[in-house]
Novice: 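One structure, pasted below without further comment.
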Amino acid sequence: MSDQYVKVQVEQMKSFGEDAEKEGVDTEEQVPGSSPSASVSPDHPTSTDASSTSLPCKQTGKSRSKPGREDKRHTSDVASQGSVVSSEKNLNRLGYERTLQVKGTGKILQRKSEPNGNYVTIHTSKNIEEMRREEGFKLAKKRRPVTVDTSKAKTSLEALKISIKQLKWKEFPLGRRTACDIYWHGVSFHDNENIVSGQVNKFPGMIEMLRKINLSRAVRTMQELFPEEYDFYPRSWILPEEYQQFTTQIHMVKEKDATVNPTFIVKPDGGSQGDGIYLIRDPSDLKLMTGSQAKQGVVQEYIQKPLLIDKLKFDIRLYVLIKSLEPLEIYIAKEGLTRFCTELYQEPSQKNLSHVFMHLTNYSLNVHSGNFVHSDSQSTGSKRTLSSVLYRLAAKGVDIKRVWSDIIALVIKTVIAVVPELRVYYQADIPPGKPGPTCFQILGFDILLMKNLKPVLLEVNSNPSMRIEHEQEVAPGVFEYVPSPVDEEVKVGVIRDTLRLMDPGHKKPTPLDWLSAEKCNHHQDETGTLPSLCLKQVYPKYSKQFNYLRLVERIAALFIRFLGVKGNMRLGPTAFRTFIRTCKLSGSNFTMASVDILYIDITRRWSGATPDSREAGMGLQAFVEAFFYLAARRFKSLALREQVVSLLELCESQLGPQSGVEERRSLSCSRALPRTVKTQAPCLANPQLSSPAPLRRAASQDYRHQRFKPRSLRANVEN
Ligand code: ADP
């Protein structure tokens, strides 16, 4: 870790928690918990009148959408655009009447032209709800039902069954010999092997990418390039390899300012549900083991001043759908959950550090506290809907539109941080051109609001619990699963609407979908009409604001281009040379011998601690480090981000659109070296070119980076 990096961290540590002026997403969306009257914009201050605020995700029975652009737009879509077929009749001199038949509905809209040329609707023979129903019935008659394999759904099964029933789709609880349209997996992409078509609700590599160490690394890379944009993730150190940096930095901070007394939270890498988590105030309190016992995890700055409600700490569980990786499509559920602690919050002190019910918001922990409140109401108890909490904050005058747009920005940026590596996993498991399924995935974002309302990312769960029952002590010591209305309300909506978006025969919502009353609840009305989608697209909708962040993805695209053999995840030395040559990065002062040394040096450090690694070679994170080094070498006078952009442009300009094919062909026999060969590689240590300096990446050994084979994949606990 460079001194500069330490300095930046020390400064940041001091400033963390202060208001950060951030760009917000310019959302026109309805904010969960707001209503037209409560929607906040500089021109329309937050309504503090709770009585006038209606909740978007509750069954209000009426349209609660903003009387804004969206509704108007969609109304006019139906009335005047290409989805209507016109048949003119009764042409006369003063004007004429035109009868419009909405395609496929039998719906008649009659319009009359006025002398000024405008059309006025003069009669509607059926109301919109009727139109929708007819439309739905006709479509259902025409199409065979979508088939869903639920045999591996595990604890999502209950919510999934309800969703499938509502959609009138067909469930295959024991699987099916022929292919299904959708496969719902409880754990990972590999729950069912050999799927060659349809869609799977998990991406390969997602579990690995979202483990605490890998997520921290991915966000850190982005923090190096975009420190301000990625200040929503607490400073983290990877254990055990960064233990020294951690202790040094903390001592420096304390020496510089004796009044600073930070607290840290230690989390095991593969942990979930609060397992193995503890707080410390001094690095010497870290329970580090050595050798093979060494515990891998992260130690993270603890947010000491969270926003409290009823004097309790709480966090937000937000459901996010990655609908597709290429092109990137992200949806956010307008309704989420909030999980409350069960002991009144106090800032950490030596005395209360071990009070888990005060500091950890995990449901799985707090449910065992005597103070846990199970409530059928969505706005009380230890688990509440997000909208009920935002509603309450809005009533207190909080600018919830701002909070919501900051949350959307946090989600988009986090996804942008993990997408590069996901792409590498994706092409390895589902090589382009070969039959395979496409993927989508619901993620669970855990977000803490600081006292100053700034959202902080705690973690992202690849398998958020979709259980709609909760454990309850029905008699002393006797626990049973009982229905949880709050969970059902939120989770059925998320699963059902995910399925709707993934419906193979229904790529885009029809204009008629937009006309229904906006309800985010999971209940169908008595006519069987589905509520409108409670998943809102945020990307590519806001792509203009975030596209500039997608630099590492461009590096990953280069990496994938030179991988050569399909199914591979690591770059061999020949492929790395080819990359350097093709992009014309070598020269008299950077010979191919130096290139080899660079390759060996970086690769060794990143994979040195993976004794059981089946694939040797350079992984994406090591390649990114090499790329940063090459960029710094070539464009010395620029700042890191500009260096990287310049090198990317240079490389991309050298690679014509067609050149990739040839490279792949020429690389087809340059697999990454088998481990044994790699260790015999020459020129291991050259004093002329030791580690790239300055090495911006604090992490030097990516022993978590190996690709987990399906069989060795530990079943992740849902959380
Ligand atoms: P797990 O996967 O075990 O649930 P988390 O990272 O979600 O691990 O942490 C568990 C809980 O600890 C969170 O729900 C939150 O209440 C608390 N927590 C985690 N990280 C922080 C932090 N940096 N600052 C304050 N509280 C935190």
Side-chain angles (χ1 to χ4, degrees), residues 23 25-27 29 189 199-210 214-215 217-219 221-222 225-226 229-230 232-233 318-334 405-432 436-445 457 460-462 464 494 497-504 507-509 533 535-561 569 620-621 624 644-645 648 652 660:
E23 87 284 15
V25 180
D26 178 20
T27 54
E29 304 288 349
F189 175 76
Q199 307 180 81
V200 180
N201 73 322
K202 298 281 190 264
F203 280 96
M206 192 67 93
I207 294 179
E208 292 80 359
M209 263 321 290
L210 295 181
N214 270 339
L215 178 67
R217 283 200 209 283
V219 175
T221 300
M222 296 306 287
L225 291 167
F226 305 99
E229 288 87 338
Y230 280 83
F232 57 81
Y233 191 66
L318 197 70
Y319 298 96
V320 172
L321 169 68
I322 312 253
K323 184 168 179 273
S324 122
L325 211 53
E326 198 158 357
L328 185 58
E329 276 187 71
I330 311 169
Y331 286 74
I332 295 187
K334 289 195 291 180
S405 74
D406 286 350
I407 288 176
I408 292 177
L410 175 154
V411 167
I412 296 173
K413 289 173 190 174
T414 306
V415 174
I416 285 176
V418 298
V419 157
E421 190 112 29
L422 280 178
R423 280 193 195 279
V424 177
Y425 278 100
Y426 200 87
Q427 61 81 39
D429 268 301
I430 312 170
T438 52
C439 303
F440 62 95
Q441 187 153 358
I442 299 170
L443 304 175
F445 274 65
L457 177 69
V460 189
N461 291 287
S462 54
V494 171
D497 287 353
T498 295
L499 290 175
R500 284 164 84 188
L501 282 170
M502 303 318 300
D503 179 347
K507 289 290 179 219
K508 283 196 175 137
L533 291 173
L535 288 164
K536 283 286 176 193
Q537 193 196 72
V538 294
Y539 202 93
K541 183 168 182 179
Y542 300 121
S543 55
K544 270 195 197 137
Q545 283 163 267
F546 297 97
N547 261 352
Y548 74 101
L549 299 172
R550 297 177 71 178
L551 283 188
V552 182
E553 232 176 302
R554 284 166 68 190
I555 302 177
L558 287 177
F559 177 78
I560 291 170
R561 195 163 181 158
M569 289 189 63
L620 177 65
Q621 297 188 25
V624 171
V644 170
V645 171
L648 270 169
E652 286 164 354

Novice: Donor-acceptor pair, Thr414 side chain versus Leu410 backbone, under 3.5 Å?
Specialist: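 Yes.
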Novice: Hey, what do you get for CG (Asp406) to CD1 (Ile408), rounding to the nearest 0.5 Å?
Specialist: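 Those atoms lie 9.5 Å apart.
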Novice: Say you draw a straight line from OG of Ser462 to CD1 of Ile207; how long is it, rounded to the nearest 0.5 Å?
Specialist: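 Nearest 0.5 Å value for the OG-CD1 distance: 5.0 Å.
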Novice: Taking side chain as C-beta onward, heavy atoms only, is Phe189 less than 4.5 Å from Phe203?
Specialist: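 Not in contact.
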Novice: Is a donor from one side chain sitting under 3.5 angstrom from an acceptor on the other, for Tyr548 and Glu229?
Specialist: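 Present: a donor and an acceptor within the cut-off.
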Novice: List the steps and the verdict of side chain to side chain contact (heavy atoms under 4.5 Å, CB included) for Met222 and Ile416.
Specialist: CA-CA 9 Å; Met222 296 306 287; Ile416 285 176; 4.1 Å; yes
Novice: Rounded at 0.5 Å granularity, tell me how far OG1 in Thr498 sits from CG in Asn201.
Specialist: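 Rounded to the nearest 0.5 Å, the OG1-CG separation comes out at 9.0 Å.
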Novice: Hey, mind stepping through Arg423 and Leu325 against side chain to side chain contact (heavy atoms under 4.5 Å, CB included) and telling me if it holds?
Specialist: CA-CA 7 Å; Arg423 280 193 195 279; Leu325 211 53; 4.3 Å; yes
Novice: So how far is it from Tyr426 OH to Met569 CE, rounded to the nearest 0.5 Å?
Specialist: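 If we round to the nearest 0.5 Å, Tyr426:OH and Met569:CE are 14.0 Å apart.
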Novice: Looking at side-chain heavy atoms only, is the closest gap between Pro204 and Cys439 below 4.5 Å?
Specialist: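 A side-chain contact under 4.5 Å exists here.
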Novice: Calculate, to the nearest 0.5 Å, the distance between atoms CD and CD belonging to Glu326 and Gln427 respectively.
Specialist: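 One gets 11.0 Å once the value is rounded to the nearest 0.5 Å.
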Novice: Compare all side-chain heavy atoms of Val415 with those of Val460 and state whether any distance is below 4.5 angstrom.
Specialist: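 With C-beta onward as the side chain, the pair stays apart.
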Novice: Can you tell if the side chain of Phe559 reaches within under 4.5 Å of the side chain of Val624, non-hydrogen atoms only?
Specialist: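 Counting from C-beta outward, Phe559 and Val624 never come under 4.5 Å.
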Novice: Could you tell me whether the side chain of Val320 reaches within less than 4.5 Å of the side chain of Tyr331, counting heavy atoms only?
Specialist: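 No, too far: nothing below the 4.5 Å cut-off.
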Novice: Does either side chain, that of Asn461 or that of Tyr319, offer a donor lying less than 3.5 Å from an acceptor on the other one?
Specialist: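 No, Tyr319 and Asn461 have no side-chain donor paired with an acceptor closer than 3.5 Å.
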Novice: Could you go step by step and tell me if Gln621 and Asn214 meet the side chain to side chain contact (heavy atoms under 4.5 Å, CB included) rule?
Specialist: CA-CA 10 Å; Gln621 297 188 25; Asn214 270 339; 3.6 Å; yes
Novice: Rounded to the nearest 0.5 Å, how far does NZ of Lys334 lie from CG of Leu318?
Specialist: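 Here the rounded value is 13.0 Å.
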Novice: If you look at every heavy atom in Phe226 and Leu551, which pair is closest and at what distance?
Specialist: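 Looking at all heavy atoms of both residues, the shortest contact is CZ-CD1, 3.8 Å.
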Novice: How close do Leu328 and Tyr539 get, counting heavy atoms only, and between which atoms?
Specialist: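 Closest heavy-atom pair between Leu328 and Tyr539: O-CD2, 3.3 Å.
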Novice: Could you check if a side-chain atom of Gln199 sits within less than 4.5 angstrom of a side-chain atom of Phe440, using non-hydrogen atoms only?
Specialist: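 Yes, close enough: below the 4.5 Å cut-off.
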Novice: Do you know the tightest heavy-atom contact between Val418 and Leu210?
Specialist: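 Shortest heavy-atom separation between Val418 and Leu210 comes out as CG1-CD2, 4.1 Å.
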Novice: Between Phe546 and Lys413, what is the shortest heavy-atom contact and its length?
Specialist: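 Smallest interatomic distance, heavy atoms only, reads CE2-CE, 3.8 Å.
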Novice: Tell me, please, which residues at least two apart from Glu652 pass side-chain contact (heavy atoms from CB on, under 4.5 Å).
Specialist: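 Listed in chain order: Arg554, Leu648.
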Novice: Assess whether a salt bridge exists between Asp503 and Arg500, defined as any Lys/Arg side-chain N lying under 4.0 Å from an Asp/Glu carboxylate O.
Specialist: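 Between Arg500 and Asp503 there is no salt bridge, as every charged N stays at least 4.0 Å from the carboxylate O atoms.
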Novice: Using side-chain contact (heavy atoms from CB on, under 4.5 Å) as the criterion, list what pairs up with Ala556, not counting sequence neighbours.
Specialist: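 Checked Ala556 against side-chain contact (heavy atoms from CB on, under 4.5 Å); matches are Pro420, Leu620.
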Novice: Side chain to side chain contact (heavy atoms under 4.5 Å, CB included) for Ile330 and Lys323? Distances and angles first, verdict last.
Specialist: CA-CA 6 Å; Ile330 311 169; Lys323 184 168 179 273; over 6 Å; no
Novice: Answer yes or no: is there a side-chain heavy-atom contact under 4.5 Å between Ile332 and Gln537?
Specialist: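 Sidechains of Gln537 and Ile332: no contact.
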